[in-house]
Amino acid sequence: MLLVKVGGSLGIDYDSVCEDLASIVHSGQQVILVHGGSAETNLLSEQLGKPPRMVTSVSGYESRYTDQETLEIFKMVYCGKMNKGIVERLQKLNVNAVGLSGLDGRLWEGKRKSTIRVIENGKKRVLRDDYTGKVEKINVNLLQILFKNGYTPILTPPGISHEGEAINVDGDRAIAALGAAINIEKLVILSNTPGLLKNLSDEGSLIEKIPFENIDTFMKYAQGRMKKKVMAAIEALNGGVKEVIFGDARIPKPIYQALKGRGTVIFRQD
Ligand code: ADP
């Protein structure tokens, strides 16, 4: 079983990701794909007159402030345009893909964090009415039902709170939790960058290999949203995953290339 996450940032080549995924499925391997949708969400939010509000928590992590209106737009893009776009591409390639959000069948359940402490213009503030959370419980049984019957699951945020509300969950951390729950060996996380870079403006500064025990030394290179990816990798490896690969989703055969080691490979030696 292979677990792949493809981000939602600008420049990602979804056709290549789907073609590559289809050839892996046709070779007989089971795959779960998780996807994002951040760039499209930002675009639609602007078009609807509700510009995105990115906030930085007091601990330094960036996220999208998600009130009810934002959540509506979020669902339109992630569960609608993005998810169905990927399912349609895969169906054209003869992969029997089924798209589900973390809400469906309580696939990704977690605790809602309704208030967040953020830093805005140098000042600490508490924001309320936020619908975000972290995946704590995974409906593995639902995925098994799909696999047993030959379907390929295409998963997307939002997740679901214990009270049954939609919550914005981070896709990278959700796939890390999923990888740990189903004892996966390798996790491929594709984005619009060659991997973790030492210098964000120099794609040649790629860090190729990171032994897990040294991960803390590399955290300083991650800025903005990359910090959550590194955090997700740490959570996955702590959960028993052996290898996390940050690969480039802008190139042909992005999954195959990542599996061959092109990108940043974070690995456990034990
Ligand atoms: P996605 O939506 O594809 O999951 P994100 O936009 O959340 O991806 O995160 C990837 C982004 O992280 C890159 O586009 C880049 O701008 C940013 N980033 C910050 N620091 C780094 C770094 N050291 N190396 C690579 N990317 C970085």
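Owing to the predicted nature of the structure, the values given are computational and were not obtained by experimental measurement. Side-chain atoms are counted along with the backbone in the values below, which use heavy atoms only and exclude waters and symmetry mates. Counting convention: from 1, in listed order, for ligands and their atoms alike.
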Can you get from Leu44 to Ile12 by hopping between Ile, Leu, Val, Met, Phe, Trp and Tyr side chains that sit under 4.5 Å apart? yes
For ligand 1, which atoms, with element, lie under 4.0 Å from some heavy atom of Ser191? 1 (P), 3 (O), 8 (O), 10 (C)
For Ser9, atoms of ligand 1 separated by under 4.0 Å from a heavy atom: 1 (P), 2 (O), 3 (O), 6 (O), 8 (O)
Considering the heavy atoms of Lys5, write down every atom of ligand 1 situated less than 4.0 Å from one of them. 4 (O)
Indicate whether the side chain of Thr66 and that of Asn168 have a donor and an acceptor atom separated by less than 3.5 Å. yes
Where on Lys228 is there a heavy atom closer than 4.0 Å to ligand 1, on the side chain, on the backbone, on both, or on neither? neither
Looking at ligand 1, does Gly36 have a heavy atom less than 4.0 Å from it? no
Protein residue, atom and distance nearest to atom 6 (O) of ligand 1, heavy-atom basis: Arg225 NH2, 2.4 Å
Among Asp172, Asn199, Leu197, Val6, closest by any non-hydrogen atom to atom 24 (N) of ligand 1: Leu197
Shortest non-hydrogen contact between His35 and Pro157, atoms and distance: O-CD, 3.5 Å
Parallel, tilted or perpendicular: which describes the rings of Tyr78 and Phe74, with under 30° parallel and over 60° perpendicular? parallel
Examine distances only and state if a side-chain atom of Asp20 and a backbone atom of Tyr256 form a donor-acceptor pair shorter than 3.5 Å. yes
Check each of Leu10, Val34, Leu200, Thr193 against atom 16 (O) of ligand 1 and report the one with the nearest heavy atom. Leu200
For atom 20 (N) of ligand 1, what is the closest protein heavy atom, and at what distance to 0.1 Å? Gln223 N, 3.0 Å
Ligand 1 atoms in contact with Leu196 (distance to a heavy atom under 4.0 Å): 22 (C), 23 (N), 24 (N)
Pair Thr41-Arg64, side-chain donor/acceptor within less than 3.5 Å: no
Backbone, side chain, both or neither: what part of Lys198 comes under 4.0 angstrom of ligand 1, heavy atoms only? neither
Would you say the side chains of Ser101 and Asp104 form a donor-acceptor pair under 3.5 Å? yes
Would you say Leu190 has any N or O atom under 3.5 Å from an N or O of ligand 1, going by distance alone? no
Taking NZ, NE, NH1 and NH2 as the nitrogens, is one of them in Glu120 or Arg53 under 4.0 Å from a carboxylate oxygen of the other? yes
Against ligand 1, does Gly195 come closer than 4.0 Å with any heavy atom? yes
Just need the protein heavy atom nearest to atom 9 (O) of ligand 1, so name the residue and atom and give the distance. Lys229 CE, 3.5 Å
I need the atoms of ligand 1 closer than 4.0 Å to a non-hydrogen atom of Gly8, numbered in the order shown. 1 (P), 2 (O), 3 (O)
Within a distance under 4.0 Å of any heavy atom of Asn192, pick out the atoms of ligand 1 and give their elements. 13 (C), 14 (O)
Is the closest heavy-atom distance from Ser38 to ligand 1 below 4.0 Å? yes
Minimum heavy-atom separation for Leu197 and Leu200, please, with both atom names. CD1-O, 3.7 Å
For the CZ atom of Arg117 and the OG1 atom of Thr56, what is their distance to the nearest 0.5 Å? 14.0 Å
Ser57 and Ser59 side chains, donor-acceptor separation under 3.5 Å: yes
